[in-house]
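The structure appears below as structure tokens.
Both ligands and their constituent atoms are indexed starting at 1 by order of listing.
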Amino acid sequence: MEDPRRCIPRTDALLELPEVRQWEESLGRRRVRDLIRATQEAARRAEIAVEEVEPRLLEALRTSRGSTLRPVINATGVIIHTNLGRAPLGQAAVEAVVQAAGYVDLEMDLTTGSRSSRGEAARAALRHRCPEAEEVLIVNNGAAALMLAAAALAPATEIIISRGELIEIGAGFRLTELMASTGAVLREVGTTNRTHREDYASAIGPQTGILMKVHPSNYRIEGFTAEATTEELSEVAAAHQVPLVVDIGSGLLAPEPLLPAEPDAASMLQAGADVVIASGDKLLGGPQAGIVLGRSEAVRRMARHPMARAVRADKLTLAALEATLQAGQNPVQSSLHADLHSVRQRTEHLAAELDVTVVSHDGRVGGGGGAGVPLPGCALALPEAVAPALRLGEPAVLPRLAEGACLVDLRCVPVDRDAELLRALRHALGSA
Ligand SMILES: *Cc1c(COP(=O)(O)O)cnc(C)c1O
């Protein structure tokens, strides 16, 4: 008998079909061909029947997007979810990105027609939101800012850092190794749980390039602990004319009452930090970016370093960051300050529709800071077995798996997605 796989429709035959050809303009010929090839492959591996090739291809064309990244409803209650791309952008930032996608006056003064300073508007917005900073710089991400600080401010010299602040940030990346990769030598002082002002004072000398303070954003040391304050370190640093660099991680520009232990840029600068480093896509709620705020001299030295060009922010980032800084609210702020009463009402409404229970559930800030700080709230409790169907549904929903249940927390779900979420939950419950 003839192998049915020999009857798989040929590429040129499929390309001839009007239903296929109509997609060439929007998706591009290459993408259409790739989808054809993938569908034929599936038939060759006998994953689909030969008769299914054509309908599967049409379905693939219909659902194909420029990017294969799938939007996910974050029902984990974790606000800055690293695996979901950290901070979701607010509406104003999204619109700014779309605008900036075309030609824009990024480095052009339209009044005179001559060249202007790249990213000046975003820097101005940052200075406006944090007047304590004399100068600011925007780079690719927090890690890039840290590397640039080490390269520009501690060339072939020592960086003094506490043994309690030697951090691995995720996926095996260690901030210490990052700084050392620039040629700086890390001089560890103190112990894991306790480091004092004197530890820094006795290590500092002519060989010191930077006094470094890093906020342990993703873990907490409890019990018998001590750390030198930024004020103390700034005195030690100033006495030796060495810059004090503080990596706060999360990107709060001013104190956040809900997270009293979280450092912010304004307070650190007031306490005497020369340079503050933070991420744009954590608690600030903006795009991935590295934010540098501080004294003119130190920040300008960083901006002039050759490596600054390798880590500069792109126009989409600058547009989104400027818009985020101008906007009053953003999704991260809304989730952090979510009104418990309204979240509970929405949750109870869904629970009644689905006939499931509501349990107490603490949300979290997540990788962006507030390590260990619970954000009291509630969640729908579904059977654990529903989780895969939720993740693979349309739209994809990521729940939190805990204590043998599949928890759906609405803290980070925009109100206008509730109806969609309900449909996805109903569908997953029905198919599990
Ligand atoms: C997140 C973080 C970084 C890294 O910032 P990215 O923007 O992810 O590169 C550096 N330091 C601290 C303390 C952090 O929390």
Under 3.5 Å: N/O of Asp281 near N/O of ligand 1: no
Quick check on contacts: which atoms of ligand 1 are under 4.0 angstrom from a heavy atom of Ser217? 13 (C), 14 (C), 15 (O)
Proximity flag Asp247 to ligand 1, non-hydrogen atoms under 4.0 Å: yes
Hey, is CG on Asp355 packed in by over 12 heavy atoms from elsewhere, all under 6.0 Å? no
Here the pair of heavy atoms bringing Ala424 nearest to Pro395 is CB-O, 4.1 Å
For ligand 1, indicate whether the residue Arg86 contacts it via side chain, backbone, both or neither (heavy-atom separation under 4.0 Å). side chain
At less than 4.0 angstrom from any non-hydrogen atom of Leu175, what atoms of ligand 1 do you find? 10 (C), 11 (N)
Rounded distance [0.5 Å steps], CG in Leu153 versus CD1 in Ile159: 9.0 Å
Main chain of Gly102, side chain of Lys315: is a donor-acceptor contact present, judged purely on distance under 3.5 Å? yes
Measuring from atom CG of Leu186 to atom CE of Met179, what distance do you get when rounded to the nearest 0.5 angstrom? 5.5 Å
Give the atoms of ligand 1, by number and element, whose distance to some non-hydrogen atom of His215 is under 4.0 Å. 13 (C)
Could Glu59 and Arg56 be called an ion pair, given the rule that one side-chain N must be under 4.0 Å from one carboxylate O? no
Enumerated ligand 1 atoms positioned under 4.0 Å from heavy atoms of Gly142: 5 (O), 6 (P), 7 (O), 9 (O)
Can Asp409 and His361 be counted as having a side-chain donor-acceptor contact under 3.5 angstrom? yes
Run the numbers for me: atoms of ligand 1, each under 4.0 Å from some heavy atom of Ser279, listed by number. 1 (C), 5 (O), 6 (P), 7 (O)
Which of the numbered atoms in ligand 1 are under 4.0 angstrom from any heavy atom belonging to Ala143? 4 (C), 5 (O), 6 (P), 9 (O)
Whether Gln288 lies under 4.0 Å from ligand 1, heavy atom: no
